[in-house]
Each structure stands twice: as C-alpha cells, then as structure tokens.
*Asks:* 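Here it is, the structure, as structure tokens.
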Amino acid sequence: MASRRPDSFDGLGYRGRDDPLYGASYPVRSAGAPAEPQHHHWVTTPPDIPGSRNLYAAERTPLHDEPLGEPGGPGAAAGWDAPQPGVPPADQLNRFAGFGIGLVSLFTENVLAHPCIVFRRQCQVNYHARCYHLTPFSTVAVMYSITKAQGPKALWKGMGSTFIVHGVTLGAEGIISEFTPLPRELPHRWSWKQLAGHLLLKGLTAVVAMPFYCASLIETVQSEIVRDESSAGLLDCVREGLTRLLGVGAPHSRRLLPLSCLLLPAALHAILRYAISASVQRAALWLHQRGRKQRHDPANPLDAYFPELAAAWAGSLVADVILFPLETALHRLGLQGTRTIIDATDGVVATGNGGSPLVLPVNTQYDGFADCLHAIRRKEGGAGFYRGFGALATQYALHGALLAAARTLLRLLLLEGKAS
C-alpha cells in the first residue's frame, strides 16, 4: 500500500519542491510508481502548525543547538527573543504581589482573628468576671485553657454567622442605594449633602442587619458545653434573626429588649466607626504619599497595594479602640434576655466537670442604652467599658504581623524575579 504522507513532509516542516533539501530527503516519484521502502529515520518533532506554540508567519521552531534570544543570534533572527520560560513578566509579579497581600489581609481579618473576636465578646458581656483582660498576656493564657478543655471549636464558633452578617450588610447597602438617592461611594469632590446621604446609608444598613447581628452575637459567645450540635445549622443566624425581627418563635425572657431600643445605638456605632476609619485611612495615605515625595523614593510595585491595606488596618484599629465602650454596651443590650450561657473568662476550672471551664448565665437588667452606660460606670468603673481589650490588641497585632511578613516575602520574590 502506497504511503499517504506528503512528499514534502520531513518531520520538521512543510518544505516546497524548490527547497534544495527536498530532493536529499525524499526522491521524486510518480503517482503510479510503486512505493519503495524509504530507510529514513522517524523524526519525533511535530510540524510547525499555524497557531501552535504562538508562532507567527515566517517563524520556525528553533533547533536544540540554536541559542534562545541572544542578540544577533539565530534565535533572535527567527523571532525567538521572547522572555525565557519560567520567568514571569513584571506585570504578572506586580499583580501577584497585590493579590497575595490582599488575600493575607482578608484571611487574617475574617478567619485567623475570629478566636480573638469570640473571646473579646465573651469578656464584654461577662460582668461577673474579676479579670478584665486588658492586656494580651492574660488573654492568650485563658484562650489557651479554654481551647485545651473544650477543643479548637470553642473559639471558632459562629464564624459562619459572621459571614452571613457581612453578606446581609453588603446586600442591604446595595439594595438601599439602588432604590434611594443615597450614594454608596463618595466622589473625589463631595458635598456635605452627599456626605450626609452616604453616612445615612451606613446607618440604615446597620439597622437592617441588626437582628442578624444579634443572632450572630449569641452564636459566638454561647458556650460549647451547652450547645446542641444536632440542631445547629449554618442558617440558624438567618432563622433567629427573622424570629427576633418578627417577634415569633420561642418566648424569651421578659428582660429581652425590643429592637427599637437597639436601632439608634447600632446606627450610631456603624456611622462613627465608618467615619473614624475612613478619616484615619485617608490621613495615613496622605502622609505616606507626602513622605514618599519628600524622600524621592523609586517606584516600588508594592506601593500600589500595601499602603492602602496598611491604612485600612490603622483606620480599623483606631475606630475599634475609640468605640470599644460603645460596642461593649451594644453587645450587652443585644444579649440581654436571650438566656445565653457563656464561658467563664477568669480561667477557673471546675473540679467535678472533667476539667471543663465553668459556665455563667448572662442576667443583665438594663432599661436602655443610657442606663447600661451608667450601670457599667457605677458598678465596674471606667475599666469595665474595656473588658477584653487585650483580645482586640492581640487581633490587630496578629493582623499587622502577617501583613508585614507577607510584604517582606513578596518583596523578596519580586527582587528574585527581577534578578533572574
């Protein structure tokens, strides 16, 4: 049977009959002549098919003995001066640096810092505790004892509900901004009317998310000892939030405050936190840009991403420190009357309960926001507003340390990529 392979195919490319190497490889034969066995070596290199290996017209695959991309060499003449494989271009490295730092910041803020958030909230609502945990040292010690006694889940509870609250907040903000003239983002040159509408949008969003925030608060501070895992679900936060909003379901204590008493403190806390955080963030960015212009620093790819994340970290830290007393009162009002049992934050271990920490009920009797502030100051002193402040310091210290480590690592990767 005659071979159907084209006469001009030699394994390296399609060459015409005018090519001087054509006759040396395959002798010319007529269409009706019998096929003679050809004793040629098979070539494993595929032909240069148009569209493969990103080849263009008049280009061919370089042989193994041709240099790649040397100036004036055969590779350069054939259009082989592209970057060598394995060395990503500078733009890709810059995007990778920004994505990496942003991912580390997001992961730390929402996942790694969750145990600190859980313990901070437990300290804020535990008015029985003798230790206020104002420093990270006592905080870390008690967190370790609780984890050792109850397992890792003791400080990771309620993380799914916090994501649900974030989703409800973002969705409510988007819907309200679409159906109202309230701006979701401020322009570069804003007016006082636009600023007032933007802050009002933040307050309305906090009011909408308040029932679900209270349900998430209960999940994060409830002790694992009394938690029923068989009936627990991911959407319990949504169900409990709707139950409290509509006033249906299982009856709570008479000390349960209506949501109308919590709307104003929640809106005030959200507006003040956003205003302080945004102001500090803009001030930090302005100082960074001013200092960079005075020092005449060369362009750094990380400066396009890291200063903004560092400014956001500083803004959130200042806002949380200033509004910590307001958050403490808001958490106590939201948890009052819900029959929630929390862990003892003094680190006291029960003798007959298998080494598990003691649990305490939350039995507060505040009449409202003002009464809560006066009662805390009268019974617990000024330090009572800052219960669990050591957990907040630990949270932001961990966040800042991981941001700095990620920046150092990515800077080394960028320097290595430029050097290679």
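When a residue number appears, it is its place in the shown sequence, counting from 1.
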*Asks:* Test your reading of the model: is there a side-chain donor-acceptor pair from N110 to the backbone of L106, 3.5 Å cut-off?
*Replies:*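 Yes.
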*Asks:* Do L217 and T338 make a side-chain contact, defined as non-hydrogen atoms from C-beta onward lying under 4.5 Å apart?
*Replies:*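 A side-chain contact is absent here, since even the closest heavy-atom pair is not under 4.5 Å.
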*Asks:* Would you check if the side chain of Y213 reaches a backbone N or O of G334 as a donor-acceptor pair within less than 3.5 Å?
*Replies:*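 Answer holds: no.
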*Asks:* Quick one: NE2 on H133 to CE on M143, what's the gap to the nearest 0.5 Å?
*Replies:*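 If I round to the nearest 0.5 Å, the distance is 10.5 Å.
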*Asks:* Checking H198 now: which residues fulfil ring-ring contact (aromatic ring centres under 6.0 Å, His included) with it, not counting sequence neighbours?
*Replies:*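 If we apply the ring-ring contact (aromatic ring centres under 6.0 Å, His included) test to H198, skipping adjacent residues, the hits are Y274.
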*Asks:* G384 and Y132: which non-hydrogen atoms are nearest, and at how many Å?
*Replies:*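 Where G384 meets Y132 most closely, the heavy atoms are N-CE2, 3.8 Å.
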*Asks:* Do M210 and L330 come within less than 4.5 Å of each other through their side chains, counting heavy atoms only?
*Replies:*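 Yes, close enough: below the 4.5 Å cut-off.
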*Asks:* Treating S145 as the side-chain partner and V142 as the backbone partner, does any N or O pair qualify as donor plus acceptor under 3.5 Å?
*Replies:*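 Yes, because the side chain of S145 sits within donor-acceptor range (under 3.5 Å) of the backbone of V142.
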*Asks:* Nearest 0.5 Å, what's the CG-CG distance between L317 and L392?
*Replies:*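 It is 6.5 Å, given to the nearest 0.5 Å.
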*Asks:* Any side-chain donor paired with an acceptor under 3.5 Å for Q150 and D343?
*Replies:*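 Looking only at side-chain atoms, D343 and Q150 do form a donor-acceptor pair, the distance falling under 3.5 Å.
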*Asks:* Looking at residues at least two apart in the chain, or sitting in another chain, which of them share a salt bridge (Lys or Arg N to Asp or Glu O under 4.0 Å) with E109?
*Replies:*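 Salt bridge (Lys or Arg N to Asp or Glu O under 4.0 Å) check on E109 returns nothing, list empty.
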*Asks:* Do Q122 and T345 pair up side chain to side chain, a donor and an acceptor below 3.5 Å, judged on atom types alone?
*Replies:*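 No donor-acceptor contact under 3.5 Å links the two side chains.
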*Asks:* For R244 and C214, work out which heavy atoms get closest and say how close.
*Replies:*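 Closest pair (atom of R244, atom of C214, distance): NH1-CB, 3.6 Å.
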*Asks:* Walk me through whether V165 and V168 qualify under side chain to side chain contact (heavy atoms under 4.5 Å, CB included).
*Replies:* CA-CA 5 Å; V165 172; V168 171; 5.7 Å; no
*Asks:* Can you measure from CD1 (I175) to CG (L204) and round to the nearest 0.5 angstrom?
*Replies:*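 It is 13.0 Å, given to the nearest 0.5 Å.
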*Asks:* I'd like to know if the side chain of Y127 and the backbone of N363 have a donor-acceptor N/O pair within less than 3.5 Å.
*Replies:*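 Yes, Y127 side chain to N363 backbone: donor-acceptor pair under 3.5 Å.
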*Asks:* Look at the side chain of Q281 and the backbone N and O of A311, then say whether any donor-acceptor pair between them is shorter than 3.5 Å.
*Replies:*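 Pair absent, no side-chain N/O of Q281 close to backbone of A311.
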*Asks:* Tell me if the CZ atom of R184 is crowded by more than 12 foreign heavy atoms within 6.0 Å.
*Replies:*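 Atom CZ in R184 is crowded, with more than 12 foreign heavy atoms closer than 6.0 Å.
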*Asks:* Keeping to residues at least two apart or across chains, list the side-chain hydrogen bond (donor to acceptor under 3.5 Å, both in side chains) pairs with something in residues 365-382.
*Replies:*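 Pairs touching residues 365-382 that pass the test: R332-Y366, R332-E380, E380-R387.
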*Asks:* So, the side chain of H114 versus the backbone of K157: is there a donor-acceptor pair under 3.5 Å, distance only?
*Replies:*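 It does hold such a pair.
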*Asks:* What's the shortest heavy-atom distance between I117 and Q395, and which atoms?
*Replies:*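 In this case the closest contact between I117 and Q395 is CG1-OE1, 3.7 Å.
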*Asks:* Shortest non-hydrogen contact from C237 to E219?
*Replies:*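 For C237 and E219, the tightest heavy-atom pair comes out as N-OE2, 3.4 Å.
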*Asks:* Side chains of R273 and S316, heavy atoms from C-beta outward: is any pair under 4.5 Å?
*Replies:*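 Yes, their side chains come closer than 4.5 Å.
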*Asks:* Are any of the side-chain heavy atoms of F212 and I164 separated by less than 4.5 Å?
*Replies:*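 F212 does not reach I164 side chain to side chain.
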*Asks:* Any side-chain heavy atom of L201 within less than 4.5 Å of one from E173?
*Replies:*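 With C-beta onward as the side chain, the pair touches.
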*Asks:* From I176 CD1 over to K202 NZ, what is the distance, rounded to the nearest 0.5 angstrom?
*Replies:*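 That separation rounds to 10.5 Å.
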*Asks:* Is there a side-chain contact between T139 and F389 (heavy atoms, below 4.5 Å)?
*Replies:*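 T139 does not reach F389 side chain to side chain.
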*Asks:* To the nearest 0.5 Å, how far apart are CG in D320 and CZ in F324?
*Replies:*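 The CG atom of D320 sits 8.5 Å away from the CZ atom of F324.
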*Asks:* Supply the atom-to-atom distance L335 CG to L256 CG, rounded to the nearest 0.5 angstrom.
*Replies:*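 If we round to the nearest 0.5 Å, L335:CG and L256:CG are 10.0 Å apart.
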*Asks:* Under a 3.5 Å cutoff, is there a donor and acceptor pairing between the side chains of T108 and H399?
*Replies:*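 Short answer, no.
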*Asks:* Does T328 reach the main-chain N or O of F385 with its side chain, forming a donor-acceptor pair under 3.5 Å?
*Replies:*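 Yes, T328 side chain to F385 backbone: donor-acceptor pair under 3.5 Å.
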*Asks:* What's the shortest heavy-atom distance between C116 and T394, and which atoms?
*Replies:*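 Scanning both residues, the minimum pair turns out to be SG-CG2, 4.0 Å.
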*Asks:* Please answer whether the main-chain N or O of A129 pairs with a side-chain N or O of D346 as donor and acceptor at a distance below 3.5 Å.
*Replies:*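 Between the backbone of A129 and the side chain of D346 there is no qualifying donor-acceptor contact (under 3.5 Å).
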*Asks:* Is the closest side-chain heavy-atom distance between F306 and H288 below 4.5 Å?
*Replies:*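 They are not in contact (no side-chain heavy atoms under 4.5 Å apart), so the answer is no.
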*Asks:* Do you know which two heavy atoms are closest between V318 and V280, and how far apart they sit?
*Replies:*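 So the minimum-distance heavy-atom pair works out to CG1-CG2, 4.0 Å.
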*Asks:* Is there a side chain to side chain contact (heavy atoms under 4.5 Å, CB included) between L402 and F107 once you walk through the steps?
*Replies:* CA-CA 10 Å; L402 288 181; F107 181 76; over 6 Å; no
*Asks:* Does the side chain of V111 reach to within under 4.5 Å of the side chain of W156, using non-hydrogen atoms?
*Replies:*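 Yes; the side chains approach each other to less than 4.5 Å.
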